[in-house]
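One structure is given below, encoded as structure tokens.
Worth saying up front: this structure is predicted, and the values here are computed from it rather than measured. Order of the sequence lines fixes the chain letters, A, B, ..., with proteins taken first and strands second; residue numbering starts at 1 for each chain.
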Amino acid sequence: MTNKLVLMDGNSLIYRAFFALPLLNNDKGVYTNAVYGFTTMLLRMLEEEKPTHMLVAFDAGKTTFRHATYKEYKGGRQKTPSELSEQFPILKELLTAFGIKHYQLEQYEADDIIGTLSKQARDKGFDVTVISGDKDMLQLVDETVTVNVTKKGISEVEKYTPSYMLEKMEITPKQIIDLKALMGDNSDNIPGVPGVGEKTATKLLKQYETIEEVYAHLDEVSGKKLKENLETYKADAFMSKELVTINRESPIDVTIDDAKYTEYQPSEVSGIFKELGFQSLLNKMTGEESVEEATVSLDEIDYTIVEEISAAMFTGKEAVVIEMLGENYHQAAIEGIGLVNDNAAYFIPTELAIKSAAFKDWAEDESKKKSVFDAKKTLVALLRHDIHIKGITFDMLLASYLLDPSENNLDIPAISSRMGKAMAKSDEEVYGKGAKQKVPETAVLSEHIARKANALYAIQPEMEALLEENEQADLLLDLEMPLALILGEMESQGVLVDKSRLEEMGVDLKERLANLEAEIYDLAGEEFNLNSPKQLGPILFEKLGLRAIKKTKTGYSTAADVLEQLENEHEIIPKILMYRQLGKLQSTYIEGLLKVVNKDTSKIHTRYNQALTQTGRLSSIDPNLQNIPIRLEEGRKIRRAFVPSEKDWIMFAADYSQIELRVLAHIANDEKLIAAFKSDLDIHTQTAMEVFHVEKDEVTSNMRRQAKAVNFGIVYGISDYGLSQNLGIPRKEAKSFIDRYFDIYPGVKQYMEDIVQEAKQHGYVKTIMNRRRYLPEITSRNFNLRSFAERTAMNTPIQGSAADILKKAMLDLDEKLKEEKLQARMLLQVHDELILEAPKEEIEKLKEIVPAMMENTVELIVPLKVDYAYGDSWFDAK
DNA sequence: TCGCGCACGC
DNA sequence: GACGTACGTGCGCGAG
């Protein structure tokens with residue numbers, strides 16, 4: 001067997017890892033992210049390369065022999081952050097535990113050590129693999145030396161062989177030196193020749209091979225400026241070449257034999273892993289179930305590519321996968337359909353399915369049971385081909401979401417592999433991602449889709465059993481799944497937008513923004529990019545000498561709460577605030593909305609994500625219709641553009657009043673809070689009366705504001721710190737507010753204590769409809785993590801139950817509208833409100849039905865209250 | 001392409 | 001006493 005030497009560029013890789021990963025620290029406050037990243041890479045190398053010899057090279061110190069040539073070498077570099085430098089010794093300790101040699105040499109860099117060792121090894125007939133984050137290393141590539149360069153952080157490497165280099169970079173390994181000599185390298189402060197970048201350098205080298213030859217034929221080089229620069233900076237070019245050339249004859253006092261590697265002892269390593277808090281690596285090493293399956297070997301699958309659809313194919317119980325690429329299913333094409341039942345697995349080409357009467361009959365037959373992944377997407381996709389799917393009895397996406405809402409890797413392959421059955425490749429593996437996403441050849445596509453349908457079919461019973469165990473079967477079957485269909489219809493229906501209104505507002509805003517901009521530049525005494533906080537900061541806090549109140553990672557904070565405190569100190573401030581407000585309207589709401597209006601229908605079709613939030617709320621994207629402005633009049637006018645889609649119809653909006661606090665009164669069973677809601681007084685005034693011990697008439701607007709903030713804080717689970725920020729008061733005062741609140745509402749206090757205990761005991765909290773949220777960090781020794789988990793424990797049942805209630809109300813209302821044969825239809829849901837459109841004649845009926853459905857969908861100890869309004873636009877429905 | 005700062009809603 | 005703050009989406013900037 002050939003010997004295999006793996007050489008790792010310690011410095012380069014640990015830097016990469018440090019910047020690629022969030023700044024994790026373990027429970028002792030020691031930063032470990034770079035070591036962690038390096039270790040994952042190391043483990044991967046050991047597994048993939050199976051080295052017989054291994055060595056990690058480090059840079060020795062500040063100065064190297066290269067500094068004698070050029071004292072500015074690596075000049076202008078940022079100092080290594082202490083969070084990183086403290087990780088070097090840890091890494092070396094870890095390497096020792098692995099039994100892996102590490103080495104550094106005064107005056108030389110890791111590159112030189114690697115260059116020298118790889119040469120020696122090659123001469124002894126070794127196979128060599130070098131791993132680095134630095135492309136300079138590519139000069140070492142030859143038939144026996146492969147160089148892996150990390151890309152995109154550290155999770156992937158690109159393997160460079162001589163042929164791959166020629167294909168990718170169009171030059172040979174040796175020419176890397178010449179390439180760098182010409183183009184320079186900013187990070188190492190290597191000058192190169194000005195005006196020569198990768199493109200030009202490659203062109204020159206393809207023609208002349210080396211810079212020596214380039215200069216020998218300088219008169220032939222085309223381009224006056226280029227020739228001039230080459231001439232002027234000739235010395236720099238040659239010096240650069242010297243600097244980037246790796247020394248392959250370094251005076252190292254380590255031999256290849258010293259790098260001999262035998263398999264590491266888990267017992268040696270596990271101690272350090274434990275100390276560092278590398279739980280996942282520990283699990284992996286000890287062979288426990290690991291989250292990421294390294295390689296999945298898939299069983300063979302038999303499936304038929306359907307040529308003609310017949311009713312006989314269907315048994316009445318099947319899994320069906322409508323495959324679409326691209327994220328917007330309102331627009332994306334169906335790539336193909338997978339169908340699996342007890343008898344067979346099929347791939348059905350899209351054209352065949354949508355033209356087939358047998359397929360439509362099957363899809364629309366309520367008695368034919370279907371399992372799907374993402375019922376809403378499936379519904380919408382088929383609706384676009386005039387097929388109204390019915391009989392969906394299982395949705396794997398929603399099932400998985402209910403089992404654990406924190407899971408964000410949600411597709412059939414990922415879910416099935418978590419359920420212990422790897423039955424399909426990941427979508428990313430099959431389709432690629434980002435710009436490179438594409439549909440593979442038919443054979444690959446059809447197999448993938450058939451596999452997914454197969455996995456869906458196979459795993460459904462196990463997921464149903466888990467839901468049953470959690471007492472969540474009803475939540476899926478009677479709440480989320482029917483809701484998915486309603487949401488799908490709402491999305492497909494869309495909401496009509498009066499584009500001309502938006503455009504008129506845009507014209508007006510444009511002018512006002514231009515004026516403000518000019519005034520601000522005038523006051524600042526210079527022009528700059530007003531949209532860049534990074535540029536605005538120094539203008540305000542250095543040039544104009546205003547007080548810097550808060551800092552961010554990247555400089556001064558210029559956030560609204562900071563600027564508001566400076567409002568009276570300089571007339572530029574209110575103008576900036578106004579500019580920001582109007583700029584937001586222009587970019588996000590005018591331009592942003594216009595971009596997503598369907599050209600043919602003038603409608604907007606948002607997408608609700610029903611399997612995302614940790615609390616059970618929906619979210620809305622493309623566009624987000626859940627954050628259309630309302631608080632400030634200026635922004636609220638945006639709502640004028642949302643209008644009914646038919647003549648003589650109106651927009652009808654209904655929202656719950658204080659639903660979260662009512663839910664809190666209910667689950668905390670707090671007498672005072674219950675009484676407050678039963679008397680139907682303004683809850684914030686009521687709270688103010690209690691907290692400040694005053695009569696109703698004595699409650700000032702300021703008292704009410706503070707009481708409101710405390711109520712708000714309780715509902716959203718913010719801390720005393722959060723409340724203090726909100727009210728602009730010291731934290732101590734905020735804390736005393738909260739304490740007084742708890743004195744008044746002891747039931748609430750009791751609930752907060754109990755729910756945290758419950759979370760500790762079970763590991764999760766739940767809503768009134770048994771939605772769960774797991775809180776593993778509730779037992780963390782880290783104060784922050786633990787506190788956050790505790791507040792989440794208090795908050796999630798409140799927010800989540802409120803979400804449950806509105807969801808159920810939507811089902812009830814939908815049914816009632818059908819029952820009453822009304823034309824009115826739901827269009828939007830915004831967490832505690834529903835927006836409908838309806839013919840004018842139905843207004844009276846809606847005034848009765850909508851609040852009644854919403855208020856009575858569940859029975860709590862306190863009444864639910866719904867306010868409603870209607871008008872010619874969403875704006876007017878207030 | 002990604003993280004950040006900022007801003008909008010509930 | 002720590003330390004940084006509910007749940008989301010989207011914009012423009014600026015570094016890689």
Which pairs would a plain distance check flag for residues 526-537 of chain A, meaning a side-chain donor or acceptor within less than 3.5 Å of a matching protein atom at least two apart in sequence or in another chain?
unit_1, atom_1, unit_2, atom_2, d
A:Glu526, OE2, A:Lys543, NZ, 3.0
A:Asn529, OD1, A:Asn531, N, 2.9
A:Ser532, OG, A:Lys534, N, 3.4
A:Ser532, OG, A:Gln535, N, 3.2
A:Gln535, OE1, A:Asn529, N, 2.9

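Atom pair A:Gln586:CD and B:dA7:P shows a separation of 17 Å (rounding to whole Å applied). When the P atom of C:dC7 is taken as reference, atom CG of A:Leu612 falls 12 Å away, rounded to whole Å. Rounded to whole Å, the distance from CE on A:Met578 to C1' on B:dA7 is 15 Å. One interatomic measurement links the two molecules: NZ of A:Lys550 to P of B:dC4, which rounds to 16 Å at whole-angstrom precision. Distance, A:Leu632 CG to B:dC10 P: 12 Å, rounded to whole Å.
Taking only side-chain nitrogens and oxygens, A:Lys534 never comes nearer than 4.0 Å to OP1 or OP2 of C:dC13. A:Lys584 has no side-chain polar atom (N or O) that falls below the 4.0 Å cut-off from OP1 or OP2 of C:dG10. One finds no side-chain N or O of A:Ser787 lying less than 4.0 angstrom from the OP1 or OP2 phosphate oxygen of C:dC3. In this structure, A:Ser532 reaches the C:dG14 phosphate: one of its side-chain N or O atoms is under 4.0 Å from OP1 or OP2. Contact check, A:Ser557 against B:dC6: a side-chain N or O comes under 4.0 Å of OP1 or OP2. Of the side-chain N and O atoms in A:Thr613, none sit less than 4.0 angstrom from OP1 or OP2 of C:dC7. Between A:Arg786 and the phosphate of C:dG4, there is no side-chain N or O to OP1/OP2 separation shorter than 4.0 Å. Contact check, A:Arg631 against B:dG9: a side-chain N or O comes under 4.0 Å of OP1 or OP2. Dashed line: the shortest gap from a side-chain N or O of A:Thr554 to OP1 or OP2 of B:dC4 is not under 4.0 Å. Contact annotation: A:Arg791 does not reach the phosphate of C:dA6 (side-chain N/O to OP1 or OP2, under 4.0 Å).
Closest to the side chain of A:Ser587, out of B:dC10, B:dA7, C:dG12, is C:dG12. In this structure, of B:dC6, C:dG4, B:dC8, it is B:dC8 that holds the atom nearest to the side chain of A:Gln581. Of the candidate nucleotides B:dC10, C:dC7, B:dG5, B:dC10 has the atom lying nearest to any side-chain atom of A:Asp832. Checking C:dC3, B:dC6, C:dC7 against the side-chain heavy atoms of A:Asn784 singles out C:dC3 as nearest. The side chain of A:Asn529 lies closest to C:dC13, out of B:dG9, B:dA7, C:dC13. Comparing atom distances between the A:His831 side chain and each of B:dC10, B:dC6, C:dC3 picks out B:dC10 as nearest. Here the nucleotide nearest the side chain of A:Arg639, chosen from C:dT9, B:dC6, B:dG9, is B:dG9. In this structure, the nucleotide among C:dG8, B:dG5, B:dC10 sitting nearest to the side chain of A:Pro533 is B:dG5.
Counting non-hydrogen atoms under 4.0 angstrom, A:Phe788 reaches the backbone sugars and phosphates but no base. Using a 4.0 Å heavy-atom distance criterion, A:Thr558 is classed as a sugar-phosphate-only contact.
A:Glu564 is linked by a salt bridge (Lys or Arg N to Asp or Glu O under 4.0 Å) to nothing, counting only residues two or more places apart in sequence or in another chain. In this structure A:Asp136 satisfies the salt bridge (Lys or Arg N to Asp or Glu O under 4.0 Å) test together with A:Lys180, sequence neighbours excluded.
We find the CG-NZ distance between A:Leu585 and A:Lys637 to be 10.0 Å, quoted to the nearest 0.5 Å. The CD1 atom of A:Ile630 lies 6.5 Å from the CD atom of A:Glu833; values are rounded to the nearest 0.5 Å.
One P atom belongs to B:dG5, the other to C:dG4, and the distance between them is 13 Å to the nearest Å. Distance noted for atom C1' between C:dA6 and B:dC8: 16 Å (whole Å).
Within 6.0 Å of atom NZ in A:Lys603, more than 12 heavy atoms from other residues, nucleotides or ligands are found, so the atom counts as buried in its surroundings.
A:Asn627 has its side chain out of reach of A:Val830: every pair of non-hydrogen atoms, C-beta onward, lies at least 4.5 Å apart. Looking at heavy atoms from C-beta onward, A:Tyr556 lies out of side-chain contact with A:Val562 at the 4.5 angstrom threshold.
Using cut-offs of 30° and 60° on the angle between ring planes, the pair A:Phe642 and A:Trp874 is perpendicular.
Under the ring-ring contact (aromatic ring centres under 6.0 Å, His included) criterion, the residue pairs touching residues 604-634 of chain A are A:His330-A:His605, with sequence neighbours excluded.
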Between A:Arg617 and A:Gln799, is a side-chain contact (heavy atoms from CB on, under 4.5 Å) present by the stated rule, with each step listed?
CA-CA 8 Å; A:Arg617 279 184 170 183; A:Gln799 256 207 51; 3.3 Å; yes
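Within residues 621-629 of chain A, the residues approaching DNA chain C are A:Ile621, A:Asp622, A:Asn624, A:Asn627, by heavy-atom distance under 4.0 Å.
A:Asn784 and A:Ser787 are not linked by any side-chain donor-acceptor pair at a separation below 3.5 angstrom, with hydrogens and angles left out of the test.
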Where does DNA chain C pair, written as one dot-bracket string 5' to 3', with Watson-Crick or G-U pairs under 3.5 Å, ( ) inside the strand, [ ] for crossing pairs and | for another strand?
......|||||||||.
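Between the side chain of A:Arg617 and the base of B:dC10, at least one donor-acceptor pair of N or O atoms lies under 3.5 Å.
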